[in-house]
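Please see the structure below; I have some questions.
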There are 2 protein chains.
Amino acid sequence: MALLPWTPGSLFVMDVMLNTKQMKSMKPSNSQKTADRQTHLESQLAMQVVKHIRRLVEAGKLKPGDKLPPERELARKLKISRASLRSGIGYLAATGVLNVRHGVGAFIADDPPVFASSSFNLIGALHGFQPWQMFETRLILESQLAALAAGRSRKEHQLALAGEVEKLFASLDRPAEFLVHDMNFHRILAQASGNPVLAAIMETLTLAFYRERNKTVEHAKDMRDAAEMHKLILKAIRMRDAVKARTLMERHLTASMEAQSVEKHGRRKPSGR
Amino acid sequence: MALLPWTPGSLFVMDVMLNTKQMKSMKPSNSQKTADRQTHLESQLAMQVVKHIRRLVEAGKLKPGDKLPPERELARKLKISRASLRSGIGYLAATGVLNVRHGVGAFIADDPPVFASSSFNLIGALHGFQPWQMFETRLILESQLAALAAGRSRKEHQLALAGEVEKLFASLDRPAEFLVHDMNFHRILAQASGNPVLAAIMETLTLAFYRERNKTVEHAKDMRDAAEMHKLILKAIRMRDAVKARTLMERHLTASMEAQSVEKHGRRKPSGR
DNA sequence: GAATCACAGTGGTCTGACCACATTATACCC
DNA sequence: GGGTATAATGTGGTCAGACCACTGTGATTC
């Protein structure tokens, strides 16, 4: 299969990078010598399974929600052992393409697409993602999403958003529930942006965020403010005012972050940085 | 963290292409009652492996490039079968945390972080990602990256970028090589933005892009134009002109897309709306 | 000294059995 | 008949141990 034109060596250009740490593994003593890149490709057989599924998906014979044949059967059909098949299944499950349920079967995922959500934290820990970097990324994406939604959202989206806003106000005294509707609002907003790729990325980030967040209890005042902001953002979207939607979203997120920061550290963060 | 100013407009170039389908999974009412999410969680034992590795990583006992113990040994230590261990290993490899090399061992990844790159295409096919959506996402992220880099890049980054620009001009007659340096430029730019989260997302997208692109041969003129643009972008970054860097990047990407569109379909796409 | 080869270490695959979970069918009791 | 246990079935999860395939290395040979 026509290998990529990796001219040898050229790949390590970024070695110049600042990362003063993790530079140790660079000394040739160890690992790769030239440019093998793209390792972790999962063994031949596992990949064969992936390819098989991909073909079916691309041919439209397998759609979100569909059930795969039982492992034993599928293994027989592909002429590989069940172990190898499971390796492939595991790969697809890990990347969120498949949804495996013990005692039931394997299904093509039909939830909002997410990239490697489960190990986002791990990857983050590995490369030293800082909270402020996560936040900055979210700020950039989500405000962009709001702007796009202002330009593209349809009636259905706006109604769904309105519904969530309503529930937001209705659950001011039940933080757990509030959080769910908060999350829904942002998820619908992502859908309303009309760009599922962007939405998927956002979803990935959001999940990592909320995983942390649902440990802290929110303050009543912050919740009311947040609900109010959602309302305003929705209004801007309805009026198709992209700039305003973006600005409001930025403000909302910043405020929300500061609120969380308080709950965690007991004090307001120096806002400026 | 001082976010950079935003230049409105220029972003909605592609609003025309708003597609009409893909709205089905909008109602969040569906499956989860409150907030269970996170299906496809890989069985207990596999997750135990992940947790184990995570602990080691977070405790700093395992750093990028380090080698894991042999499977047989590790399985014994965790008191699980080798099969289950391998399931966990596979999961980590699939999400890009681990790098397994047949006959050698498993290593903590030390390449630029990427999310589920391998099955990006599959996920895309599954949820019907359109080329223009991919492109729009790239446009948003990359121009933002350029702006950030203008504000934050360090000398090392600028030098590395300059090096790539030079090689870009030097390889105008060797498309394959040109492409590598092109890719490097954008990768270094991502690093220079100072936000590894954003960089990781970008890397994921880029990979998916180039995977397609290296099939088409570029036209000489387009390549020269591209090289010229890279040079200009670098100049803007050096002058710490965030707005200009962003604008140039947007223009560069748009032009680049059109060029590709020509090669693929043999005609210029209706440029505007 | 350099090329070759054998070996040991490690991941990849196979087999077939058994366990655990979910769903469905059946039996039973009221 | 209706509802509730209970059994049977289907399916993924785990296990054990053997063997295959790839890599790196050090001994052998010339």
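Hydrogens, waters and symmetry mates play no part in the numbers below; they use all other heavy atoms, side chains included. In what follows, chains are A, B, ... by sequence order, proteins preceding strands, each numbered from 1. Here the structure is a predicted model, which is why all the values come from computation and not from measurement.
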Distance, rounded to the nearest Å, where B:Arg101 contributes CZ and D:dG24 contributes P: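 My rounded result for the distance is 6 Å.
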Would you mind building the protein contact string for nucleotides 14-20 of chain C? One character per nucleotide, 5' to 3', B for base within reach (heavy atoms under 4.0 Å), S for sugar-phosphate only, - for untouched. B--BB-B
Rounded to the nearest angstrom, tell me the gap between atom CG in B:Asn99 and atom P in C:dT10. 18 Å
Whole angstrom value for the distance that separates P of D:dT14 from CD of A:Glu71: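 That distance rounds to 11 Å.
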How many whole angstroms separate atom CG of A:Leu78 from atom P of C:dT13?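 Taking atom P of C:dT13 as the reference, CG of A:Leu78 is at 13 Å.
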Verify the distance criterion only: is there a donor paired with an acceptor across the side chains of A:Asn195 and B:Gln133 at less than 3.5 Å?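 Their side chains do not contain a donor-acceptor pair, so the 3.5 Å distance test is not met.
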Ignoring hydrogens, what is the shortest heavy-atom contact between A:Ser84 and A:Leu45? Give both atom names and the distance. OG-CD1, 3.7 Å
Less than 4.5 Å apart, any side-chain heavy atom of A:Leu74 and any of A:His52?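 A side-chain contact exists here, since the closest heavy-atom pair is under 4.5 Å.
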Show me the donor-acceptor pairs within less than 3.5 Å that the side chains of residues 55-70 of chain A make with the rest of the protein, sequence neighbours left out.
residue : atom : partner : partner atom : Å
A:Asp66 : OD2  : A:Lys63 : N            : 2.8

Pair B:His181-B:His186, side-chain donor/acceptor within less than 3.5 Å: no
Under 4.0 Å from OP1 or OP2 of C:dG12: is there any side-chain N or O of B:Arg86 that close?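 So the side chain of B:Arg86 is within the cut-off, an N or O lying under 4.0 Å from OP1 or OP2 of C:dG12.
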Would you kindly give the CG-to-P distance between A:Leu68 and D:dG12, to the nearest whole Å? 9 Å
Quick check: closest heavy atoms across A:Gln48 and A:Ile80, and the distance to 0.1 Å? NE2-CG2, 4.2 Å
What is the distance from CZ of A:Phe107 to C1' of D:dG12, rounded to the nearest Å? 11 Å
Over how many whole Å does the gap from A:Gln48 atom CD to C:dG12 atom P extend? 16 Å
Whole angstrom value for the distance that separates P of D:dT11 from CZ of A:Arg76: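 The distance from CZ of A:Arg76 to P of D:dT11 comes to 11 Å, rounded to the nearest Å.
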Per nearest nucleotide of DNA chain C, the residue lying toward the 5' end, A:Val104 or B:Lys67, is B:Lys67
